[in-house]
Engineer: 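Sharing a structure, written as structure tokens. Questions coming.
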Amino acid sequence: MTSFKSDFLNVLSERGFIHQCTDAEALDTLASAGPITGYIGYDATASSLHAGHLVQIMLLYWLQKTGNKPIVLMGGGTTKVGDPTFKDTQRPLLTDEQIQSNMNGIKSVFNSFLNFGDGATDAIMVNNDDWLSGFGYIEFLRTFGTHFTINRMLTFDSVKLRLEREQPMTFLEFNYMLMQAVDFRELNSTYNCVLQMGGSDQWGNIVNGVELTRRLNQKAAFGLTTPLLTTASGAKMGKTVGGAVWLNADALSPYDYWQYWRNTEDADVGKFMRLFTDLPMDEIRRLEALQGVEINEAKKILADAATRLVHGEAAAATARDTAQKAFEQGVLSADLPTVEVARAELEAGIMLAALTTKIGLTQSNGEARRLAQGGGLRVNDTAITDGNQAVTLADLNADGVIKVAQGKKKIVLVKPV
RNA sequence: GGGGGAAUGUCCCGAGCGGCAAAGGGGGCGGACUGUAAAUCCGCUGCGUAAGCUUCGCAGGUUCGAGUCCUGCUUCCCCCA
């Protein structure tokens, strides 16, 4: 592994963030000379970012930690077009209202990772709608269209893939890469931003921005991408029982978030600690070397550190404590996910299958029944194989709740009200 | 403009002589084994307590019966112009 002069690239490099870089040497020289400004763009396609975005967020985190200025670019404008990169089909267009509300949801998570403000290395957040929407069509074409050739655009993998699979790509989507390039140029003009980062799938888009900036602004500009992340067994990252691993607490509770990291495969522990925590490298090297049962300790530390970054120290501690009680001591903690059910319903007796569906453990009664048959449902730690069995107030435990579990890891406390 | 093909189980791929709730994968979930891991093995994977109900691009039609045949429409692909 090459050694760099700048802290920034050294950290990224030893932690495994770097996949490709347009000119690592020149970027290193620049970064070692003084603070640089870099940005990453996020399109507002959902109301929360998820674990898949985390690598990129960590890039901004380290950028700031090593004395540089991060810009968070909200894709208010680009989301209106929709990024076609490596997608098979066009996604439905979002309305302005949806985009706005998604952006509001996404913004909050950055506060946990970055310090925003007016200082030299304080992070700022900008919205590309501010400049993109202002362009007239002809003006846009004349200003930027002349710098892109169709010949070149068609050679990008992101476009080629779609064409080779004989899937249509609309002209609208085809314009996305221009808009992203314009973003970089705009940020370079306004904030002297010299670096765009992103996932490896963004390489083509980033390179376009780098070239456009160099050409129009006659300034140095760099691009850097992170490797595509999969777990050691090849699965895509960021999925869990309930769906994506969201970063917003209202989309995924800190407890579930903690659980996600706790369940990391052995082989991924070191990699994840490098990428998703700020633990010192010495400690990571020590922890990832643990073997067998001992590596579970490392996983807890990983979960703690990762949760702390997103949800804060207190939430991480609570999550760990809750998990420890539930899994290691077999004790219930009041902090487990709790759902309130009308007392009257329990009094009358509610079918187990209906109950699990009601509290979100299953999607339909039929699914619940099948699950039960396979031994996947338990009430107060007793497996119930008949989904039609009634759950009543008699099932309340000493704490006045009913513990319903789907499998071994998904536990919900039912509380009568 | 002409000719030929394709759309299947609300995750993906993909079989399907007129009797099909629809083969097989992948993925996901559950169980066993373990260490809240991986690998492996087993089970489940449309809705309904049930009778039953609703699915194969959309709308009609033929038939006792249609994913399967006919007509029209939509979308996509290929070839010719």
Engineer: Between A:Lys300 and A:Glu297, does any NZ, NE, NH1 or NH2 come within less than 4.0 Å of an OD or OE carboxylate oxygen?
Structural biologist: yes

Engineer: What does B:C17 pair with, Watson-Crick or G-U, if both distances are under 3.5 Å?
Structural biologist: none

Engineer: Expressed as a whole number of Å, how far does the P atom of B:G19 sit from that of B:C70?
Structural biologist: 16 Å

Engineer: Less than 3.5 Å apart, any donor N or O on the side chain of A:Asn397 or A:Asn380 sitting next to an acceptor on the other?
Structural biologist: no

Engineer: Return whichever of A:Gln363 or A:Leu371 has its heavy-atom-nearest nucleotide of RNA chain B closer to the 5' end.
Structural biologist: A:Leu371

Engineer: B:G30 C1' sits how many Å from A:Leu377 CG, rounded?
Structural biologist: 9 Å

Engineer: Find the distance A:Ile384:CD1 to B:G30:C1' and express it as a whole number of Å.
Structural biologist: 16 Å

Engineer: Find the partner of B:C69: check Watson-Crick (N1-N3 plus N6-O4 or O6-N4) and G-U wobble (N1-O2, O6-N3) distances, both under 3.5 Å, and reply none if neither fits.
Structural biologist: B:G61

Engineer: Sequence neighbours left out, what passes side-chain contact (heavy atoms from CB on, under 4.5 Å) with A:Thr338? Give chain and number order.
Structural biologist: A:Leu413, A:Lys415

Engineer: Could you check whether A:Gly387 gets within reach of a base, just the sugar-phosphate, or nothing at all, counting any heavy atom under 4.0 Å?
Structural biologist: nothing

Engineer: Is the side chain of A:Arg15 donor-acceptor paired with the backbone N or O of A:Arg274 at a distance under 3.5 Å, no angle test?
Structural biologist: yes

Engineer: Suppose you measure atom P in B:U71 against the same atom in B:C78; what distance do you get, rounded to whole Å?
Structural biologist: 25 Å

Engineer: Measure the spacing between CE of A:Met179 and CG of A:Asn208 and express it to the nearest 0.5 Å.
Structural biologist: 13.5 Å

Engineer: Output the rounded distance in Å from CG (A:Asn365) to P (B:U45).
Structural biologist: 16 Å

Engineer: Any side-chain N or O of A:Lys300 under 4.0 Å from OP1/OP2 of B:A37?
Structural biologist: no

Engineer: What is the distance, to the nearest angstrom, from the CG atom on A:Asp256 to the P atom on B:U36?
Structural biologist: 18 Å

Engineer: For B:C13, measure the glycosidic angle (O4'-C1'-N9-C4 for a purine, O4'-C1'-N1-C2 for a pyrimidine) and name it syn if it falls within 90° of 0, otherwise anti.
Structural biologist: anti

Engineer: Would you tabulate the pairs of protein nitrogen or oxygen atoms and nucleotide nitrogen or oxygen atoms of nucleotides 51-53 of chain B closer than 3.5 angstrom?
Structural biologist:
none

Engineer: How close or far is atom C1' of B:U34 from atom CD of A:Gln291, stated in whole angstroms?
Structural biologist: 16 Å

Engineer: Can you confirm whether A:Gln363 is buried at CD, in the sense that more than 12 heavy atoms of other residues, nucleotides or ligands lie under 6.0 Å from that atom?
Structural biologist: no

Engineer: Given the structure, check if the side chain of A:Gln259 and the base of B:U36 hold any donor-acceptor pair shorter than 3.5 Å.
Structural biologist: yes

Engineer: Pick out which of A:Gln202, A:His19, A:Gln56 makes a side-chain hydrogen bond (donor to acceptor under 3.5 Å, both in side chains) with A:Thr226.
Structural biologist: A:Gln56

Engineer: Whole angstroms only, please: what is the CG-C1' distance between A:Asp266 and B:G35?
Structural biologist: 8 Å

Engineer: To the nearest Å, how far apart are A:Trp261 CH2 and B:A37 P?
Structural biologist: 17 Å

Engineer: Between B:G35, B:G31, B:A38, spot the one nearest the side chain of A:Arg378, thanks.
Structural biologist: B:G31

Engineer: Under 4.0 Å between a side-chain N/O of A:Ser364 and OP1 or OP2 of B:G46, yes or no?
Structural biologist: no

Engineer: Within the structure, does a side-chain N or O atom of A:Arg369 lie under 4.0 Å from either OP1 or OP2 of B:G30?
Structural biologist: no

Engineer: If you define the side chain from C-beta out and look only at heavy atoms, does anything of A:Leu12 sit under 4.5 Å from A:Phe8?
Structural biologist: yes

Engineer: Is it true that a side-chain atom of A:Ser48 and a backbone atom of A:Asn248 form a donor plus acceptor pair closer than 3.5 Å?
Structural biologist: yes

Engineer: Name the nucleic acid region contacted by A:Arg370, choosing base, sugar-phosphate or nothing; use a 4.0 angstrom heavy-atom cut-off, strictly under.
Structural biologist: sugar-phosphate

Engineer: With nearest nucleotide decided by heavy atoms, which residue, A:Gly376 or A:Met351, maps closer to the 5′ end of RNA chain B?
Structural biologist: A:Gly376

Engineer: Tell me which residues in residues 313-326 of chain A put a heavy atom below 4.0 Å from RNA chain B, sorted by number, or none.
Structural biologist: A:Ala323

Engineer: So what's B:U40 paired with, Watson-Crick or G-U wobble, going by both distances under 3.5 Å?
Structural biologist: B:A32

Engineer: Give a yes-or-no answer on whether the side chains of A:Asp304 and A:Trp258 include a donor-acceptor pair shorter than 3.5 Å.
Structural biologist: yes

Engineer: Give a yes or no on this: more than 12 heavy atoms of other residues, nucleotides or ligands lie within 6.0 Å of atom CD of A:Glu139.
Structural biologist: yes

Engineer: Rounded to the nearest Å, what distance is computed from the NZ atom of residue A:Lys410 to the P atom of nucleotide B:G28?
Structural biologist: 15 Å

